[in-house]
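Throughout, a chain's letter reflects where its sequence line sits, starting with A, and its residues are numbered from 1.
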2 protein chains.
Amino acid sequence: MTVAARGRPGPSIADVAQLAGVSAQTVSRVSTGAENVRPETRERVLAAMDELGYSPNHAARALRYGSFGTIGLIAHRLARTGESRTIEAVVESARAEGYTVSLVDVRTPGSADVTDAVARLSHQSIDGLIIIRAETATPVALALPPRMPVAVSDSRFVGHHPAVGADQVTGTHLAVQHLLDLGHRTVHHVAGPDDSAPAQMRAAAWREHLVGSGRPVPEVLVGDWTARSGYEIGRRLAADASATAVYCANDEMAAGVVRALYEAGRRVPDDLSVVGFDDIPLAEFLWPPLTTVQQDFHQIGDRLLDLLMRQIRGRETLTDTRIVVPTRLVVRASTAPPPA
Amino acid sequence: MTVAARGRPGPSIADVAQLAGVSAQTVSRVSTGAENVRPETRERVLAAMDELGYSPNHAARALRYGSFGTIGLIAHRLARTGESRTIEAVVESARAEGYTVSLVDVRTPGSADVTDAVARLSHQSIDGLIIIRAETATPVALALPPRMPVAVSDSRFVGHHPAVGADQVTGTHLAVQHLLDLGHRTVHHVAGPDDSAPAQMRAAAWREHLVGSGRPVPEVLVGDWTARSGYEIGRRLAADASATAVYCANDEMAAGVVRALYEAGRRVPDDLSVVGFDDIPLAEFLWPPLTTVQQDFHQIGDRLLDLLMRQIRGRETLTDTRIVVPTRLVVRASTAPPPA
DNA sequence: GCCGGCGATGTTGACGTCAACATCGGAAGC
DNA sequence: GCTTCCGATGTTGACGTCAACATCGCCGGC
């Protein structure tokens, strides 16, 4: 954590002032765009800035203003579909608000790592913090610096921190009901890992829906979000003659399941129907095009930033705010009635 | 770009000092971990910090030290495969070095936007800058603050800025030669957009390889990296009876091509062979598993950070350093000899 | 010709931290 | 008992910027 001492010390406002033959304050006025500077003086200052390659020292401004124009963002595996798209949305919205985003990733799902990341970031200069992750191991009460605005992408934080989450439950109900409507007797479930809160929510909603509909509840098949885990589960499913419909907790696992089924000679959707979750850009272009539950990551990101900005700007306290972003079922070609 | 005035003015070192009944300097000593503080005094200070919820003001430290422990990262569409994986690697390596990453995205490929992003970031305090993008419209000589260390993920910058790039040329040769070896008379090419430098490099290498092998060069089919564009191109390809092999500039377009071919009743690889580029995690689990050129985004990210840190740490000047990260062909099931 | 007033510019101090130097008090050595 | 030394703690100033206040010079009005 040792950081190179004394980064390039660049020219300061005083250097510009000297070169332009004015006081530092006049330079400051020019660089903040104040009105009351004679055009001729302004020109001279601008020329001096240009010559020296001056740009204002943000540390000094931040110190002066008590604000950094930066928000921190903690994510677990940031190359993953949901994460990267949410981050993209946050970054875009933040830019519109004049803020920059500081990114920290967290290696393991453990809570120690999160605490560490929070410490790292609050050590950095941030005006607020967004946490994009949802591991069940994450402590619900985070050890945050006092008065630090926070927004979290996990509805488990309700009552602790303002949260934004997709509507896992409705999405799951739509998916399962779609399969039941097609005539399937029951629906198998390929779940995400045990330590993922959204995975747990999807699995619980699936179970509840089956129970509520009086259907048998097959054993849950647990994957780890990767296509590979879906593939391995798919091989087991292919051997299970009773399975006719599978609801997968994400699209990657669904793709793995489909490939395993093909390899085993079982056709999708003729022999088995498969539904995914997320609606990744490729979902439509898999073969067959995947029926899936669409989540709007972009909106999640926007809402997160909005919640955060309201706290930063307005000093609002939003502790138990919870925003649920709707999900919807996109029916494509991977689902059909069960074989006769 | 106006930023909320005066963020939460938390307790300062002086408040802690007063509560603990010591001087500010002693508090500073405790918080920087200096040795020479009586254990009893240290305890009292720590207790006071705890009570007030003190954490050191990073802006003040940055001002003092002249370093933010932050590097800037500019990317175009950061949710895209290559971008997000490279970013992930950069963030991870940066953390290992004790640095945080500040993210700015660029909406359009135009150079004005890049200049703007650079300005935004150097306005922030960063110790170095990584630019992950490769649009041909990006000016080769960037208007950077003087003395700002930079690393760029585009080999076009050679001679201007230290650059890291995947070996597009070798990757392309491997892919095309693989198809020729299988017995295809020639290879069609689905290219990325005109404004992408890697797309141009792949297309040029493809053309060169065909010419060098004395094969006819079919018209280039230009997509925009999305699966949808691949799908539309695929429909045209399906109608072209002469096409037996297609080299696509990325995996998403390859997936779109494959789907279009299936819809048109043409089998992959029996009727047409398809090769992609990138080796996205899903490539192996498409149907059929996609033969593709693997690029190591993680390594690209690592190298970028390494180049940057060498400049930040050692004051090295690396202007014409160029690192080429190898690519390799991963043969799966989407390629086969042409139909008899 | 003097004065009020106003716009342009300069001066001072404060933001929070920490390094360098100053001071203070006690223990060891003679 | 007095000096010396050393470790613990305090004081000062500087990092770069900008708001608040001070000053300066000029113009117009009488």
Side-chain angles (χ1 to χ4, degrees), chain A residues 2-3 5-45 48-49 52-69 122-125 127 145 147, chain B residues 2-45 48-49 52-69 122-125 127 145:
Chain A
T2 320
V3 151
R6 304 237 126 254
R8 32 171 207 106
S12 83
I13 205 171
D15 302 320
V16 176
Q18 188 179 10
L19 180 60
V22 297
S23 74
Q25 181 53 26
T26 300
V27 176
S28 167
R29 274 190 265 261
V30 171
S31 89
T32 50
E35 300 290 304
N36 46 350
V37 178
R38 222 170 6 139
E40 175 193 322
T41 311
R42 162 172 282 115
E43 279 315 311
R44 226 171 48 238
V45 170
M49 284 181 175
L52 294 174
Y54 167 82
S55 78
N57 179 316
H58 186 68
R61 281 199 170 162
L63 176 58
R64 188 85 229 292
Y65 289 130
S67 161
F68 306 99
S122 38
H123 220 57
Q124 300 300 318
S125 329
D127 298 322
R147 286 175 302 286
Chain B
T2 320
V3 150
R6 303 238 126 254
R8 40 180 196 101
S12 83
I13 205 171
D15 302 320
V16 176
Q18 188 178 11
L19 180 61
V22 298
S23 74
Q25 181 53 26
T26 300
V27 176
S28 166
R29 275 191 264 261
V30 171
S31 86
T32 49
E35 300 289 305
N36 46 348
V37 177
R38 227 174 358 146
E40 174 193 323
T41 311
R42 162 172 280 117
E43 279 315 309
R44 227 171 47 239
V45 171
M49 284 181 175
L52 295 174
Y54 167 82
S55 76
N57 178 316
H58 188 68
R61 281 197 171 165
L63 176 58
R64 188 86 231 293
Y65 289 131
S67 161
F68 256 79
S122 39
H123 226 50
Q124 303 297 320
S125 308
D127 300 323

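Counting non-hydrogen atoms of other residues, nucleotides and ligands closer than 6.0 Å to CD of Gln25(A) gives a total above 12.
In this structure, Asn57(B) atom CG and dC18(C) atom P are separated by 10 Å, rounded to whole Å. Separating the CZ atom of Arg61(A) from the C1' atom of dG16(D) is a distance of 10 Å, rounded to the nearest angstrom. Rounded to whole Å, atom P of dA14(D) lies 16 Å from atom CG of Asp15(A). With rounding to whole Å, His58(A) atom NE2 is found 16 Å from dC15(D) atom C1'. Residue Leu63(A) contributes atom CG, which lies 12 Å from atom P of dC18(C) at whole-angstrom precision.
The nearest pair of heavy atoms linking Ala62(A) to Ala59(B) is CB-CB, 3.8 Å. Nearest heavy-atom pair, Thr41(B) versus Thr26(B), reported as atom, atom and distance to 0.1 Å: CG2-CG2, 3.9 Å.
In the model, Arg61(B) has a side-chain atom that pairs as donor or acceptor with a side-chain atom of Ser31(B) under 3.5 Å.
For Ile13(A), the listed nucleotide lying nearest its side chain is dC18(D); candidates were dT17(C), dC18(D), dA19(C). Looking at the side chain of Arg64(A), the nearest of the listed nucleotides dG16(C), dC15(C), dC18(C) is dC15(C).
The shortest distance between the side-chain N/O atoms of Tyr54(B) and the OP1/OP2 oxygens of dT17(C) is below 4.0 Å. For dA19(D), the OP1/OP2 oxygens have no side-chain nitrogen or oxygen of Thr32(A) closer than 4.0 Å.
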request  = Take Val27(B) and Met49(B), measure what side chain to side chain contact (heavy atoms under 4.5 Å, CB included) needs, and give me the verdict at the end.
outcome  = CA-CA 9 Å; Val27(B) 176; Met49(B) 284 181 175; 3.8 Å; yes

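Counting only distance, with no hydrogens or angles, the side chain of Thr32(A) and the backbone of Ser28(A) share a donor-acceptor pair below 3.5 Å.
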Between N or O atoms, less than 3.5 Å apart, protein on one side and nucleotides 8-12 of chain C on the other: list the pairs.
unit_1, atom_1, unit_2, atom_2, d
dT9(C), OP1, Arg38(A), NE, 3.1
dT9(C), OP1, Arg38(A), NH2, 3.0
dT9(C), OP1, Thr41(A), OG1, 2.5
dT9(C), OP2, Arg38(A), N, 2.8
dG10(C), OP2, Ser23(A), N, 2.8
dG10(C), OP2, Ser23(A), OG, 3.0
dG10(C), OP2, Thr26(A), OG1, 2.8
dG10(C), N7, Arg29(A), NH2, 2.9

